[in-house]
Amino acid sequence: MELSQQDAPLYDALKKHIKNRIVRFDVPGHKGGRGNKELRDFLGEQCMKIDVNSMKPLDNLCHPVSVIKDAQQLAADAMGADHAFFMVNGNTSAVQTMIFTACKSGDKIIMPRNVHRSAINALVVCGAIPVYVNPGTNKQLGIALGMSANDVEKAIERNPDAKAVLVNNPTYYGICSDLRKIVEIAHEHGMLVLVDEAHGTHFYFGENLPVSAMAAGADMAALSVHKTGGSLTQSAILLCKNTVSAGYVHQIINLTQTTSSSYLLMVSLDLARRNLYLNGKEMFAKTQAYCEYAREEINKIGGYYAYSSELVNGDDFYAFDTTKLSIYTRATGLAGVEVYDILRDDYDIQVEFGDIGNILAIVSAGDRELEVERFISALYEIKRHYSKDPAGMFDHEYIDPTVVLAPQQAFYSEKISIPIEQSSGKICGEFVMCYPPGIPILAPGERITSEILSYISYCKEKGCSMTGTEDMNLEYINVVV
């Protein structure tokens with residue numbers, strides 16, 4: 001039977017499975033919730049009943065031949081790809097699969113330095129060598145932008161043996177590179193284009209949004225569908241064109257992805273795809289309307305700057321995702337993380353993240369007008385009660401790295417732990433980052449400088465959550481001997 005986008009084959013198979021009243025002599029041990037009543041009462045009986053193990057009627061993600069295969073193909077068709085793979089280890093596993101597919105140990109890969117930690121972690125594991133393209137920066141906002149197509153072309157010309165170009169599109173802040181141009185340049189030089197599209201699932205289903213990776217001609221794209229597409233947390237989709245071997249990609253996925261794939265996550269991807277295909281235009285038009293209204297009202301407050309497409313320059317800020325509500329806070333005298341904390345602690349409003357100069361609020365059609373108004377009012381009150389002179393605040397997020405060793409070489413080198421204030425001039429042997437957004441301040445193999453140490457100290461002082469180091473308090477750091 002030929003399937004259409006109105007179908008949800010995995011969802012239908014799970015409904016049929018529940019009706020069949022199968023006797024459960026397999027895992028999981030909670031037996032549909034009977035073995036853990038407290039968890040059943042908390043999550044709901046229906047949820048526990050569909051938390052099942054792979055079996056013939058429900059297919060197997062490690063080797064899909066029926067309903068999972070059909071659900072994945074519907075996702076590929078909906079997004080203009082040749083193949084789609086459901087990922088249950090998060091978008092991290094999708095990003096790492098792209099890199100593992102394109103690169104072997106010693107191969108070069110061109111990428112921006114403001115990538116998510118998952119990309120550099122992949123280099124630690126597989127031994128590929130990064131060729132970093134420094135992203136553009138906006139001096140007013142102090143944030144990293146996208147990659148200039150000209151800078152990518154220069155990196156390709158200097159490294160004609162590179163296997164792939166990885167593009168982070170959009171960035172956490174909603175900033176996009178000229179993806180079509182980058183794809184054109186890379187393909188002219190025989191390189192694959194991999195797109196970390198974690199925050200761009202909606203590009204495939206909304207209108208008046210930046211181009212999606214598949215529409216731009218990229219070879220692979222990693223979509224964190226739970227972020228803007230409505231599936232459950234930790235679910236993602238990896239899209240591929242026929243320019244890569246789908247069979248080989250599947251082998252790479254099976255190197256690291258669990259063999260106990262969650263049907264809760266997979267069915268959420270199946271239903272999210274159907275919902276996005278049928279209702280996405282309306283959903284994201286509503287999201288854009290909420291964000292545009294919020295930007296106008298927040299900018300009337302003064303001090304804050306909710307930025308949008310007016311900053312587009314046709315280069316390293318090629319396009320802006322207008323469903324992102326990115327707000328610059330530093331002119332109020334408050335770091336983004338300070339506003340983040342006040343919103344949560346005093347106003348019971350949880351935004352996505354706060355860094356040293358910005359906050360990001362993730363808005364969707366699932367929000368309500370009253371909540372948008374409450375958020376705007378809270379920002380007004382925070383400015384009235386907490387604003388101060390911004391003099392002396394750190395004015396930029398991104399610091400160009402000095403790479404001395406490849407990430408894998410540095411991470412597995414002999415290291416010693418020293419007080420972080422004594423580490424200037426040393427080679428870092430681990431990661432240092434604020435999470436979220438999870439973009440490394442330092443990665444293994446990079447030179448530690450006084451500027452970086454000042455930035456880390458400032459982030460700690462402002463209350464950023466610092467992660468990545470062996471020392472949980474970041475008082476010591478591992479350096480290469």
Side-chain angles (χ1 to χ4, degrees), residues 112 114 135-146 168 170-177 199 210 287-288 290-313 315-344 346-347 349-363 372 374-399 434-439 441 455 458-459 461-465:
N114 60 326
T137 55
N138 181 289
K139 292 183 179 179
Q140 177 190 1
L141 305 178
I143 61 171
L145 306 176
N168 185 30
T171 70
Y172 224 137
Y173 300 100
I175 297 162
C176 297
S177 303
H199 294 270
T287 304
Q288 287 171 305
Y290 276 161
C291 287
E292 189 55 39
Y293 172 75
R295 276 190 285 268
E296 289 177 4
E297 294 302 309
I298 291 166
N299 288 334
K300 290 176 185 176
I301 296 171
Y304 302 108
Y305 176 29
Y307 45 93
S308 186
S309 300
E310 72 276 1
L311 296 180
V312 166
N313 61 19
D315 189 23
D316 48 19
F317 198 141
Y318 186 77
F320 183 71
D321 173 10
T322 51
T323 70
K324 293 289 187 296
L325 187 52
S326 302
I327 304 164
Y328 174 71
T329 67
R330 194 178 296 120
T332 65
L334 296 169
V337 69
E338 292 176 304
V339 177
Y340 171 98
D341 286 340
I342 297 168
L343 282 167
R344 184 195 58 231
D346 294 359
Y347 294 90
I349 294 173
Q350 181 66 56
V351 294
E352 177 67 10
F353 79 83
D355 56 31
I356 65 167
N358 301 265
I359 58 171
L360 172 66
I362 297 294
V363 179
V372 176
R374 182 175 163 187
F375 176 58
I376 295 165
S377 297
L379 289 178
Y380 172 79
E381 292 295 321
I382 289 169
K383 187 203 170 194
R384 192 163 67 91
H385 291 297
Y386 295 97
S387 63
K388 54 195 174 185
D389 187 346
M393 297 183 72
F394 216 94
D395 65 356
H396 59 283
E397 311 277 351
Y398 180 75
I399 300 171
C434 298
Y435 195 88
I439 297 167
I441 300 167
Y455 179 78
Y458 185 83
C459 290
E461 175 192 332
K462 292 298 183 183
C464 293
S465 176

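To the nearest 0.5 angstrom, I356 atom CD1 is 9.5 Å from K462 atom NZ. The OG1 atom of T171 sits 7.5 Å away from atom CZ of F317, with the distance rounded to the nearest 0.5 Å. Taken to the nearest 0.5 Å, the CG atom of L325 stands 10.0 Å off from the CD atom of E292. Once rounded to the nearest 0.5 Å, the distance linking CD1 of I327 with CD1 of I298 reads 3.5 Å. Atom CD1 of residue I175 and atom NE2 of residue H199 lie 12.5 Å apart, to the nearest 0.5 angstrom. Rounding to the nearest 0.5 Å gives a distance of 9.5 Å between CG of D346 and NE2 of H385.
Heavy atoms of other residues, nucleotides or ligands lying less than 6.0 angstrom from OH of Y347 number more than 12. Few gaps surround OH on Y304; more than 12 heavy atoms of other groups in view lie less than 6.0 Å from it.
A pairwise comparison of heavy atoms in C291 and T322 identifies CB-O, 3.5 Å as the closest pair. Across every non-hydrogen atom of I359 and G354, the tightest pair is CG2-CA, 4.1 Å. The minimum heavy-atom distance between I301 and K383, with the atom names listed, is O-NZ, 3.2 Å. Shown here for A331 and P390, the closest heavy-atom pair between the two residues is O-CG, 4.1 Å. The minimum heavy-atom distance linking Y318 with V312 is given by the pair O-CG1, 3.2 Å. Contact detail for S177 and G146: the closest heavy-atom pair is OG-CA, 3.4 Å.
Using bins of under 30°, 30° to 60° and over 60° for the plane-to-plane angle, the ring pair Y173/F353 lands in the perpendicular bin.
Side-chain contact between Y307 and N358 is present, with at least one heavy-atom pair separated by less than 4.5 Å. At a threshold of 4.5 Å between non-hydrogen side-chain atoms, the residues T332 and Y386 do not count as touching. Using a 4.5 Å heavy-atom threshold, the side chains of D355 and C464 count as separate.
When each of L145, T137, I143 is tested with L141 by the rule side-chain contact (heavy atoms from CB on, under 4.5 Å), just one qualifies, namely I143.
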Worked check of side chain to side chain donor-acceptor pair (under 3.5 Å) between Y328 and Q140: CA-CA 9 Å; Y328 174 71; Q140 177 190 1; over 6 Å; no
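In this structure, the side chain of N299 engages the main chain of A306 through a donor-acceptor pair within 3.5 Å. Side-chain atoms of E310 come within 3.5 Å of backbone N or O of S308 as a donor-acceptor pair. T329 contributes a side-chain N or O that, together with a main-chain N or O of L334, makes up a donor-acceptor pair within less than 3.5 Å. A distance-only check finds no donor-acceptor pair linking the side chain of K324 to the backbone of P170 [under 3.5 Å].
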